[in-house]
Amino acid sequence: MPELPEVETIARGVDERLRGDRIETTWFSEKPEPFKSPPQLMAKELAGRSIDRVHRVGKHIVFDLGDLQWIVHLGMTGRLLVADPRTAIPPHTHAILHLASGRELRFVDARRFGRMALETTRFAGTGQEPLKISKDEFAALFRPRKTSIKAALLNQKLLHGVGNIYADESLFRAGIRPRRMARHLKRAEFDRLHSSLQSVLKKAISLGGSSVSDYVDSAGVEGFFQLEHRVYLRTGQPCLVCGTPIRRIVVGGRGTHYCPHCQR
DNA sequence: ATACCGACCTGTCAGC
DNA sequence: TGCTGACAGGTCGGTA
């Protein structure tokens, strides 16, 4: 589910509404998967903490809580919802923070690929920020890779935050086939990819992310960038530029969509 | 260092 | 009406 634009949208929404609020008590489900830190420890450490700031690092949502950080990764289907306690608790709710303002922050995740943990050192993520990296750094990061450019874009140790949608969409806009070996790309192609990736991510953030099946922001509102997808999940449909049917292949175990005419 | 695969989970949809 | 298989915004670990 959520990639950089969706996580950014959620983090901004949670920050706007919960900054300055205080966590009073917590509840965690019995399912073990979502908790990298033991739930009892999180319950003890989170209670009484004020929320100084909420922001995004890669695909992670980071809560600054004094000398502690609470890190949430949403996996494929995770949601963070700011809710009125009188509203029904949705199925697959795995964590609830009860706040001093009377509201609740709920973590809901059907597939349970999401994770949460406490950090005592400043969380830096796994790679570089796609919206901050320069053209020179971008080319230097990817050129040595002995793998396809698509697999390299998905590698969170290089750039963090890019997932399947925005990898496919940025490669389309740069006119580069997903299976091309990273080390065979020309400098002009790295530059086009850098530019298309940043513009796609910024546009998606401005539209509140992509709602393909079930993504919503922290207020339960869907995004609109799915209306701007040119290849992702458009298998067999005509390319919006040239009319050639969009093709689906598997690269790095992920469904990969591209236009065989526009991407070389 | 990389490639490939299955595993982890649930839900949805197409096809029979 | 069901069943089965494929697929879905992600990541990890094992084995070549």
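Note that this is a predicted model, so its numbers are computed, not measured. Chain identifiers are assigned alphabetically (A, B, ...) following the order of the sequence lines, protein sequences preceding nucleic acid strands; residue numbering begins at 1 within each chain.
- A donor-acceptor contact closer than 3.5 angstrom links the side chains of His257(A) and Asp168(A).
- dA1(B) atom C1' lies 19 Å from atom CZ of Arg143(A), rounded to whole Å.
- Atom CD1 in Ile10(A) sits about 13 Å away from atom P in dG10(C), given to the nearest Å.
- Within the 4.0 Å cut-off from OP1 or OP2 of dT11(C), at least one side-chain nitrogen or oxygen of His73(A) is found.
- Contact between the side-chain N/O atoms of Gln156(A) and the OP1/OP2 oxygens of dT11(C) is found at a separation under 4.0 Å.
- Classification of the His73(A)-His60(A) ring pair by plane angle, with boundaries at 30° and 60°, yields perpendicular.
- One interatomic measurement links the two molecules: CG of Leu154(A) to C1' of dC12(C), which rounds to 15 Å at whole-angstrom precision.
- In this structure, CG of Leu158(A) is placed 12 Å from C1' of dT2(B), rounded to the nearest angstrom.
- Residue Arg254(A) has no polar side-chain atom (N or O) positioned under 4.0 Å from OP1 or OP2 of dC7(C).
- With hydrogens and angles left out, the side-chain atoms of Ser148(A) and Arg180(A) include no donor and acceptor closer than 3.5 Å.
- Residue Ser148(A) is classed as a sugar-phosphate contact, given heavy-atom separations below 4.0 Å to backbone atoms only.
- Side chain of Glu189(A) to backbone of Lys186(A): a donor-acceptor contact under 3.5 angstrom is found.
- Using a 4.0 Å heavy-atom criterion, one finds that Gly163(A) contacts the sugar-phosphate atoms exclusively.
- Atoms CZ and CG, from Phe225(A) and Leu207(A) in turn, are 7.0 Å apart once rounded to the nearest 0.5 Å.
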Test Ser210(A) against His229(A) for side-chain hydrogen bond (donor to acceptor under 3.5 Å, both in side chains), laying out the working first.
CA-CA 9 Å; Ser210(A) 298; His229(A) 292 178; 2.9 Å; yes
Once base and sugar-phosphate atoms are separated, protein heavy atoms under 4.0 Å mark nucleotides 9-16 of chain B, 5' to 3', with B, S and - as BBS-----
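- Comparing the P positions of dC5(B) and dA6(C) gives a spacing of 14 Å, expressed to the nearest Å.
- Comparing dA8(C), dT11(C), dT2(B) by their nearest atom to the side chain of Arg145(A) picks out dT2(B).
- As rounded to whole Å, 10 Å separates atom P of dT11(C) from atom CG of Asn155(A).
- Rounded to an integer number of Å, the gap from His160(A) NE2 to dG10(C) C1' is 15 Å.
- Taking atom CG on Leu74(A) and atom C1' on dA8(C), their separation rounds to 16 Å, with Å as the unit.
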Both atom distances under 3.5 Å, Watson-Crick or G-U wobble: I'd like the secondary structure of DNA chain C as a dot-bracket string, with | for pairs made across strands.
.|||||||.|||||||
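- Judged by distance alone, with hydrogens and angles left aside, the side-chain atoms of Asp21(A) form no donor-acceptor pair with the main-chain N or O of Leu99(A) at under 3.5 Å.
- Using modelled atom types, one finds no donor on one side chain facing an acceptor on the other under 3.5 Å when comparing His160(A) with Gln128(A).
- Residues Tyr215(A) and Glu3(A) have side chains that never bring a donor and an acceptor to within less than 3.5 angstrom of each other.
- One can place CG of Asp109(A) at 11 Å from C1' of dG10(C), the figure rounded to the nearest angstrom.
- Arg115(A) has no side-chain polar atom (N or O) that falls below the 4.0 Å cut-off from OP1 or OP2 of dT11(C).
- Interatomic distance, CZ of Arg179(A) versus NZ of Lys150(A), reported as 10.5 Å (0.5 Å rounding).
- Contact annotation: Lys157(A) does not reach the phosphate of dT11(C) (side-chain N/O to OP1 or OP2, under 4.0 Å).
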